[in-house]
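Letters A, B, ... are given to chains in the order of the sequence lines, protein chains preceding strands, and every chain is numbered from 1.
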Amino acid sequence: MEIKNVQIANIFNRMADILEFKGENSFKINAYRKAARVIQDLTEDIETLAKEGRLRDIPGVGEGIAKKIDEYIKTGRITRYEEIKTEFPESLIDLSDIVGLGPKTLRLIYRELGIKNLLELQRAIENGSLANLPQMGEKKVENIKQGLKLFQASRERILLGFALPEVLGLISELQKLPEITNISPAGSLRRLKETVGDIDILVAGKDGRKIIEHFVHLPSVREILAAGETKASIITADGMQVDLRVVEENSFGAALQYFTGSKAHNIKLREMAKKKGLKLNEYGVFMGEEKIAGKNEEEVYEALNLPWIPPEIREDSGEIEAASNHNLPQLVQPDDILGDLHLHTNWSDGSCSIEEMAHHAKTLGYRYIAICDHSQSVKYAGGLTEDKLLRQIEEIARLNEKLSGTGFKPGIRILAGSEVDIKNDGSLDYPDWLLEKLDIVIGAIHTGFKHNVTERICRAMEHPLVKIIAHPTGRLISSREGYVIDLEKILEKASQTKTALEINSYYERLDLNDLNCKLASELGVKFVINTDAHHPQHLWMMKLGVGVARRAWLNKDSIINTQPLPERLPKFTINK
DNA sequence: GCCGTTTTCGGCCCGACTGTTTTCAGTCG
């Protein structure tokens, strides 16, 4: 459904690139970019909005852009785009993604040297013709050369689950320095976006030079890109670029706010500040010359008459308006999670015993877990035969005796479950008499990703024992697209059958993602946040899934594993 | 091209850095 949203957003972004190249009014260009971003983040189908004549309700969409959207939906094309697209070679506009090569320079090399594509740009660098242009010195050519290298490598963004532990490690190393009075990750990492580009760490402290000296000589640093008094950039042994910035203590909040972004959120805040006769920048909030806030984020927001806004929702997608109306959501927190309902063990393709998983879960403060190993037809993952599942149910009963809390020692409850494969006809991989012996049944697709997946999942959700659908879209971030599905249909069926959809926290999945969760939530769907852990060391990823939920504005009431288990098991109660 | 509790016209976030200049343009975040 959101396909048209993405297509239209892409066109507007491309139009902005072309208009920028043409040297059009920069505010017009920004208008296109803003519209593109808002449309991309929309949870509603833009086609529906168009049919209902509600396009103009989208912030950033006015008369001109609404007309173009209507045209695209009716005819599949936008005349204005087709016109300007033919004025210049596509391969030329592609070059605008090169860092260090802005629209002005691009226009210069096109006009003066006739450069139209990557290859010609490379040649111009090599034969020195680029360096001969006016305003073009040695350094600038070198910059473009570097940008070109990055562009060709088309540097991939880093998975959050990969970057987060690394950054927390760096931070705990840095905290040992007494000169550092405050420290925090910033940027998209702090907003818990599923992938991050550069990694930003912000520090408040006295002796910038010393702090940076310490930072660039940490053991995990492979290469130093820059090291000044207030800013340093390094490459870690894992190949991640990390920027450290040092600021004065009384500007830490303003700088943290600024470097956390998002850019769109910051722009809106600055507009607000301006309307109030204030000025907001990375040093503080100013009334004339006087600084009225900046030491911490709370007072920065307060100076603008706003409550503090959690970083995860700072995307200018309604959070500022909600804050103004004192209507911010009570976002679910990591501590709200009472159990993990999707764990694997060495009974199928996990690497540890049920008891080991339970022990680790207990150290995290969980009150319950569910063991959901694979079902019989998932051979490659060691799916359990019917007999083996029966034996596992007995083993879990035995462990529950052993691990149940006594007196002052709280225990942990292990639920017997299964991640049951949804077969090609939508039936389940175990017979009902066996499923009925389980505390919890999760349905999942593992084969036939292009084969009637929507119908299969919907049929599985109609089964009264299927309480959860695991990783509902099947995507792997930056490596697999996911099943071919009609997501909206699935969400509606989930809402109707009261089947919870999983937010799978495994770092490569994060499935459902933030936008899909937001959409699902609007349709009244319930969620469960699981790790799908195959090893105790995967359990920490719960915080990634909680991040997804927070980015989707979810509160704890819509997430079933924030609820305590009923006194008497066996059956996990989701009323279907 | 969008938008409006000062406006339907005249604004549109803000600062740092870099490189090439000699007071500033271009680019980035």
Colleague: Which whole number of Å gives the distance between the P atom of B:dT6 and that of B:dG1?
Modeller: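 These two P atoms come out 28 Å apart once rounded.
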Colleague: Taking OP1 and OP2 of B:dC12, is either one under 4.0 Å from a side-chain nitrogen or oxygen of A:Lys274?
Modeller: yes
Colleague: Heavy atoms under 4.0 Å, any strand shown: does A:Leu278 hit a base, just sugar-phosphate, or nothing?
Modeller: nothing
Colleague: Once you round it to whole Å, what is the distance between P of B:dG29 and CD of A:Gln257?
Modeller: 18 Å
Colleague: Base, sugar-phosphate or nothing for A:Lys28? Non-hydrogen atoms, less than 4.0 Å.
Modeller: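 Answer is base: heavy atoms of A:Lys28 come under 4.0 Å of a base.
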Colleague: Under 3.5 Å for both donor-acceptor distances, Watson-Crick or wobble: does B:dA25 have a partner, and if so which one?
Modeller: B:dT18
Colleague: Taking atom types as modelled, find out whether A:Gln146 and A:Glu142 have a side-chain donor-acceptor pair closer than 3.5 angstrom.
Modeller: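 On atom types as modelled, these side chains qualify, holding a pair under 3.5 Å.
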Colleague: For the pair A:Lys116 and A:Asp94, find out whether any cationic side-chain nitrogen is under 4.0 Å from an anionic carboxylate oxygen.
Modeller: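 Not counted as a salt bridge, because no side-chain N and carboxylate O are separated by less than 4.0 Å.
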Colleague: Using the P atom as the reference point in each nucleotide, state the distance between B:dT18 and B:dT7 in Å, no decimals.
Modeller: 43 Å
Colleague: Provide the distance between the two C1' atoms, one in B:dT21 and one in B:dG26, to the nearest whole Å.
Modeller: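 The answer is 13 Å between these two C1' atoms.
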Colleague: Salt-bridge test for A:Lys68 and A:Glu63: reply yes if a basic N is under 4.0 Å from a carboxylate O, no otherwise.
Modeller: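 Looking at A:Lys68 and A:Glu63, the cut-off is not met.
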Colleague: Whole angstroms only, please: what is the NZ-P distance between A:Lys140 and B:dC17?
Modeller: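 From A:Lys140 NZ to B:dC17 P: 18 Å.
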Colleague: Can you tell me which nucleotide in B:dT20, B:dC2, B:dC28 comes closest to the side chain of A:Lys139?
Modeller: B:dT20
Colleague: For B:dG1 and A:Lys68 - does any side-chain N or O of the residue sit under 4.0 Å from the phosphate oxygens OP1/OP2?
Modeller: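 Indeed, a polar side-chain atom of A:Lys68 lies that close.
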Colleague: Are A:Phe88 and A:Phe21, when compared by the centres of their aromatic rings, separated by less than 6.0 Å?
Modeller: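 Distance test on ring centres: under 6.0 Å, yes.
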Colleague: In whole Å, I'd like the distance from the OH atom of A:Tyr32 to the P atom of B:dC2.
Modeller: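 The distance from OH of A:Tyr32 to P of B:dC2 comes to 7 Å, rounded to the nearest Å.
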Colleague: Write down the distance separating the P atoms in B:dC13 and B:dG4, rounded off to the nearest Å.
Modeller: 14 Å
Colleague: In terms of side-chain geometry, is the basic nitrogen of A:Lys22 or A:Glu87 positioned less than 4.0 Å from the acidic oxygen of its partner?
Modeller: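 Yes, charged N to carboxylate O under 4.0 Å.
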Colleague: Output the rounded distance in Å from NZ (A:Lys275) to P (B:dG11).
Modeller: 15 Å
Colleague: For a quick test of reading the model: is some side-chain N or O of A:Lys279 closer than 4.0 Å to OP1 or OP2 of B:dG15?
Modeller: yes
Colleague: Tell me whether the side-chain N/O atoms of A:Asn281 come closer than 4.0 Å to OP1 or OP2 in B:dG15.
Modeller: yes
Colleague: Which is true for A:Gly100 with a 4.0 Å heavy-atom rule: it touches a base, it touches only sugar-phosphate, or it touches nothing?
Modeller: sugar-phosphate
Colleague: Can you measure A:Ile58 atom CD1 to B:dG1 atom C1' for me and round it to whole angstrom units?
Modeller: 15 Å
Colleague: Using the P atom on both, measure B:dC9 against B:dC17 and round to a whole Å.
Modeller: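 Straight-line distance between the two P atoms is 42 Å.
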Colleague: Whole angstroms only, please: what is the CG-P distance between A:Leu95 and B:dT27?
Modeller: 13 Å
Colleague: Between the side chains of A:Ser96 and A:Glu20, is a donor N or O closer than 3.5 angstrom to an acceptor N or O?
Modeller: no
Colleague: Expressed as a whole number of Å, how far does the C1' atom of B:dT22 sit from that of B:dC14?
Modeller: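 25 Å, rounded to whole Å.
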Colleague: Go nucleotide by nucleotide along DNA chain B from the 5' end; which of A:Leu280 and A:Asn25 gets its closest nucleotide reached first?
Modeller: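 Between the two, 5'-proximity favours A:Asn25.
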Colleague: If anything within 90° of 0 is syn and all else is anti, what is B:dT7?
Modeller: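 Syn, since the glycosidic angle lies within 90° of 0.
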Colleague: Please state how far atom CG in A:Leu108 lies from atom C1' in B:dT27, giving the value in whole angstrom units.
Modeller: 15 Å
Colleague: Examine the side chains of A:Ser262 and A:Arg314 and answer whether a donor and an acceptor come within less than 3.5 Å of each other.
Modeller: no
Colleague: Under 3.5 Å, is there a donor-acceptor pair between the A:Asp41 and A:Ser317 side chains?
Modeller: no
Colleague: Give one of base, sugar-phosphate or nothing for A:Tyr258, where a contact means two heavy atoms less than 4.0 Å apart.
Modeller: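 The residue A:Tyr258 makes base contact.
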Colleague: Provide the distance between the two P atoms, one in B:dT23 and one in B:dG15, to the nearest whole Å.
Modeller: 24 Å
Colleague: Any donor-acceptor pair under 3.5 Å joining the side chain of A:Tyr283 to the base of B:dG15?
Modeller: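 No, no donor-acceptor pair under 3.5 Å.
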Colleague: How close or far is atom P of B:dG26 from atom CD1 of A:Ile144, stated in whole angstroms?
Modeller: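 Checked: the CD1 to P distance equals 13 Å.
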Colleague: When you measure from the side chain of A:Ser251 to the backbone N and O of A:Glu248, does any donor-acceptor pair fall under 3.5 Å?
Modeller: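 Pair absent, no side-chain N/O of A:Ser251 close to backbone of A:Glu248.
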Colleague: At less than 4.0 Å, is any side-chain N or O atom of A:Thr105 found next to OP1 or OP2 of B:dT27? Yes or no.
Modeller: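 Yes.
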Colleague: Strictly distance-based, threshold 3.5 Å: is any side-chain N or O of A:Arg509 a donor or acceptor partner for the main-chain N or O of A:Leu476?
Modeller: no
Colleague: Check each residue of residues 9-23 of chain A for a non-hydrogen atom within less than 4.0 Å of any atom in DNA chain B, then write out the ones that pass by number, or none.
Modeller: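 Within this stretch, nothing sits under 4.0 Å of the strand.
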Colleague: Base, sugar-phosphate, or nothing: which does A:Ile65 touch, judged by heavy atoms less than 4.0 Å apart?
Modeller: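 The answer is sugar-phosphate, as A:Ile65 gets under 4.0 Å only of primed atoms, P, OP1 or OP2.
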Colleague: Of A:Ser96 and A:Gln135, whose nearest nucleotide on DNA chain B comes first from the 5' end?
Modeller: A:Gln135
Colleague: Over all strands shown, is A:Leu101 touching base, sugar-phosphate only, or nothing at heavy-atom distances under 4.0 angstrom?
Modeller: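 Counting heavy atoms under 4.0 Å across all strands, the contact made by A:Leu101 is with sugar-phosphate only.
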